[in-house]
Each structure stands twice: as structure tokens, then as C-alpha cells.
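One structure is given here, and the rest of the page talks about it.
Values reported hereafter were calculated over all heavy atoms of this structure, with side chains retained and with hydrogens, waters and symmetry mates removed. For this chain, numbers begin at 1 and follow the sequence in order. Being a predicted model, the structure only gives us computed values, none of them experimental.
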Amino acid sequence: MFPVNFDLFGYQVRGYEGHWVLGILVMGFFYQRYKSLHAGYSNEWFVNAYSVAILMGFVFARVFHYLFWDTAAFLNNPLVLFQPSGGFAILGGTIGTGFGGWLYCQLTGRNFLHWCDSLMTPIALGLCLSRFSCFLNGDAYGNPTNSIFGVVFSENSVDWMERWNGLHALYATSENPLAVISNLFLGQVNLIDIPVPKSLESLRGEGFTNLAQLSAFYPPTATGDYKSILVAKGLYPFPVIAPPVHPAQLYEVFLMAICYILIVKLESVEFAKRKLFFVFWMYYGFNRFIIEFFRGDRNIAFADLTYAQLISLGVLVSGAMGFFYFTWKWKKYGMQEVKLP
């Protein structure tokens, strides 16, 4: 993977930061501007609406991250919201962006659903690109797996290594670290599937490629003063290991690419007029609900469902209700014409 995009005199620009700005803010601005101007909105109005939407997106992304993903840190210190470090939740950012756009439309007397018909394709594409940047950076990854889809990210990724560094103390000085590691990932991945870490490069040169092979250095296979050998080989204390995981980011990239294509097709369908907002949220809610089953950072809220899944269900149901309500309303009373100044 490619966690560090640029390293300029010690200042590192990482995947999520670089591709988020490029993929969402810059690309999103020009793509949405083009679509909005084509729909009849003025450049000044769009710039203001976009600014409000993005600002609310960042606020919601920050709040959602600490309320639903890093709740312990927020409860310990609520002021963490205002610190420069910490994360942003894409789900919260997407909801916040929609809320910000709706709010500005209300303040300026514009038809929100009409404007949304020109926004859903840029938003779907932006979410697709943002998840790909997560893949390059090594964050928002999935659960450990021994399937053919399993990937191991770069040890240069701070987000990737944070979880595995946290588990290190459990086996670092254990008499039988391989047994501890095996139990940690029981039912998910086997020792034979976990690669020898980069810190044991010398053992890789000797032909040791996975953790199962390292059992040769421990009893009953090893005898005599085997502990001295462990120290010499760099196996004591045992180094940090990272198992292969589901590339949950790429799963979402694939699903959001389908969403983008679907909305592009629906833009020319008369029946979908002013309903693309609801179509997007139904699809996005479904997408995130499914993806959460593969995520490695599942923050359980209720009945093995995460906070993100409960929010996604709410989003999906709300989108469906809005879609069917306005379909009924416009069929019965007609669709009000939108006049732009």
C-alpha cells in the first residue's frame, strides 16, 4: 500500500489526507459546480452552498467519529473534538454535507431536491475515491481473514499499526507467543496465514515466511538453550505482528462505483426526477450496513450491530420513506415547477 504520498523535508502527506482533499474537495468542487451551473444555479450561489455543505460535513464527521467510533476518548475528554489530532467519520461527513446543503437551500429559498439531482453523482464518485484513499493509507480495514481476499498493509501506516501495537503486550514476552497469537485470532486466521513481520527480515532470508514456521524455535521442537537463540533471532521479545484482513475499503469502492453508475443512468429517467437524493441514501445506507460486517473497527451498539449499522438502517428507511412519499404526493398533486432567478 502507499500510506505516505509525499515526504517533503520531513513533512509527510499521507494517503487519506492527500486523496481526501484531491478526491472530495477539489474534484468535488469542480464536478459539482459544473453540474449545478448546468442545472441553472448561479456560480455565486453554488460557491456559498458548497461552502456551507462542506463545513457542516466536517463538523458532523468529527462529532460522529467521537460519538460512535471513539466514544471512550470523547467521554474522557469532550474537548478532544477541538484538538488537531483524531479522526473523521465518512458516514457522519456525508450526512452533514447533506444537512448543510438542505440548510442553505432553506435559507435561500431554493428547492433542495431539485439541486440534489445535480449533486448525487459527484458525491457518489467522491465517496468511491475517498475509500480508495483509505485503502492506500491502511485505515478503515476489515477483520482478519484467511480468505483469498486477505491483504496486509504497510507497516508505515500509523492507522494500520495502531491496533496491532495495542495487542503486542499480550504476547511480546510470553513463553509461547505463537499460542497466544493463535488464540487472539481463533476462528479468523491461522498462524500459517500470518506473514513474518518486516522486523524479522533476516528470518525471511532463511526461508521463514509465516508464523507457523517459527514453531521450530520453540519447544518441543527446540531444545537446550533455545531462549538465547530466540534473542539472537529477534524473537524475544516477540515483535509486533499483523494478520491479513478483509480489504473492506475496496469492497466499498466497488459498491460505490455501482452507485455512481446507477445514478448516472437514473439522471435521464423522468420517474427519478427530484428523487435521486432518496435513491442515493437508500443505496448508501444499504452499502454501509453490509460493509460494517467486514470492518475491523466494529463498535457494537445493539444485538451485534454497530452504531454505523443502526445509523445506516435509519438512513435507508428514511430514504425509502421519502422516495415513496414524494412519489405519491407528486402523482396526486403534481410536481411544483422550479424557477431559478
Side-chain angles (χ1 to χ4, degrees), residues 1-19 85 87 131-186 188-218 221-222 226-251 294-297:
M1 314 319 162
F2 193 48
V4 180
N5 297 168
F6 308 102
D7 190 339
L8 302 175
F9 306 105
Y11 178 77
Q12 295 182 339
V13 177
R14 293 182 170 267
Y16 189 77
E17 299 160 346
H19 290 84
S85 60
R131 276 307 182 209
F132 185 70
S133 73
C134 289
F135 177 75
L136 294 180
N137 191 47
D139 66 88
Y141 52 85
N143 278 316
T145 178
N146 58 4
S147 73
I148 60 173
F149 301 110
V151 295
V152 176
F153 293 92
S154 169
E155 294 181 19
N156 291 326
S157 170
V158 175
D159 298 281
W160 166 247
M161 293 305 297
E162 181 179 10
R163 179 180 178 185
W164 315 124
N165 286 333
L167 295 176
H168 187 218
L170 299 177
Y171 58 82
T173 57
S174 170
E175 289 289 322
N176 193 346
L178 297 180
V180 176
I181 294 170
S182 180
N183 286 328
L184 283 175
F185 303 113
L186 188 65
Q188 294 179 310
V189 63
N190 301 314
L191 290 178
I192 197 172
D193 302 308
I194 304 177
V196 169
K198 187 177 179 180
S199 59
L200 297 178
E201 194 67 41
S202 60
L203 287 179
R204 289 182 180 181
E206 295 178 27
F208 294 92
T209 59
N210 61 70
L211 296 195
Q213 294 172 327
L214 299 183
S215 61
F217 296 101
Y218 297 89
T221 304
Y226 71 92
K227 290 187 177 180
S228 297
I229 297 176
L230 292 177
V231 174
K233 294 289 186 180
L235 294 173
Y236 189 88
F238 202 86
V240 177
I241 62 93
V245 297
H246 281 288
Q249 314 97 321
L250 294 187
Y251 299 163
F294 296 95
R295 287 282 292 261
D297 56 352

More than 12 heavy atoms from other groups under 6.0 Å of CD1 on Ile192: no
Look at the aromatic rings of Phe153 and Phe135 and report parallel, tilted or perpendicular, splitting at 30° and 60°. perpendicular
Closest heavy-atom contact between His168 and Pro239? NE2-C, 3.6 Å
Where does the angle between the aromatic ring planes of Phe208 and Phe217 fall among parallel (under 30°), tilted (30 to 60°) and perpendicular (over 60°)? tilted
How many angstroms lie between atom CG of Leu167 and atom CD of Glu162, to the nearest 0.5 angstrom? 11.0 Å
Can you confirm whether Phe132 sits close enough to Gln249 that some side-chain heavy atom of one is under 4.5 Å from a side-chain heavy atom of the other? no
Would Val151 and Leu250 count as a side-chain contact (heavy atoms from CB on, under 4.5 Å) here? Give the steps. CA-CA 11 Å; Val151 295; Leu250 294 187; over 6 Å; no
Walk me through it: do Leu235 and Leu200 pass the test side-chain contact (heavy atoms from CB on, under 4.5 Å)? CA-CA 8 Å; Leu235 294 173; Leu200 297 178; 3.7 Å; yes
Please round to the nearest 0.5 Å and tell me the distance separating atom CG of Asn176 and atom CZ of Phe238. 10.0 Å
Can you see which heavy atom on Tyr226 is nearest to which on Ala222, and at what distance? CB-CB, 3.8 Å
Is any side-chain heavy atom of Pro244 closer than 4.5 Å to a side-chain heavy atom of Val189? yes
Rounded to the nearest 0.5 Å, the CG atom of Leu191 sits from the CG atom of Asn210 at a distance of 8.0 Å
Classify the angle between the aromatic ring planes of Phe149 and Tyr251 as parallel (below 30°), tilted (30 to 60°) or perpendicular (above 60°). perpendicular
How far does CD of Gln213 sit from CD of Glu206, to the nearest 0.5 angstrom? 11.5 Å
Kindly give the heavy-atom pair with the smallest separation between Lys198 and Glu155, and that separation in Å. N-OE2, 3.0 Å
Are any side-chain N or O atoms of Arg204 and backbone N or O atoms of Val196, one a donor and one an acceptor, separated by less than 3.5 Å? yes
Note, Glu175 side chain near Lys227 side chain (heavy atom, < 4.5 Å): yes
Test item: Asn137 side-chain N/O and Ser133 main-chain N/O as donor-acceptor pair under 3.5 Å: no
Please lay out, stage by stage, how Tyr218 and Leu178 fare under the test side-chain contact (heavy atoms from CB on, under 4.5 Å). CA-CA 9 Å; Tyr218 297 89; Leu178 297 180; 4.0 Å; yes
Can you tell me how far CG of Asn190 sits from CG of Leu211, rounded to the nearest 0.5 angstrom? 11.0 Å
For the pair Val245 and Trp160, evaluate side-chain contact (heavy atoms from CB on, under 4.5 Å) and give the outcome as yes or no after the intermediate values. CA-CA 11 Å; Val245 297; Trp160 166 247; 3.7 Å; yes
Give the minimum heavy-atom separation between Ile241 and Tyr171, together with the two atoms involved. N-OH, 3.0 Å
Minimal heavy-atom distance between Ser174 and Val180, with the atoms involved, is OG-CG2, 3.6 Å
So, taking the atom named OH in Tyr236 and the one named CD1 in Ile229, what distance separates them when rounded to the nearest 0.5 Å? 16.0 Å
Please report the closest heavy-atom contact between Ile181 and Ile194, naming both atoms and the distance. CG2-CD1, 4.1 Å
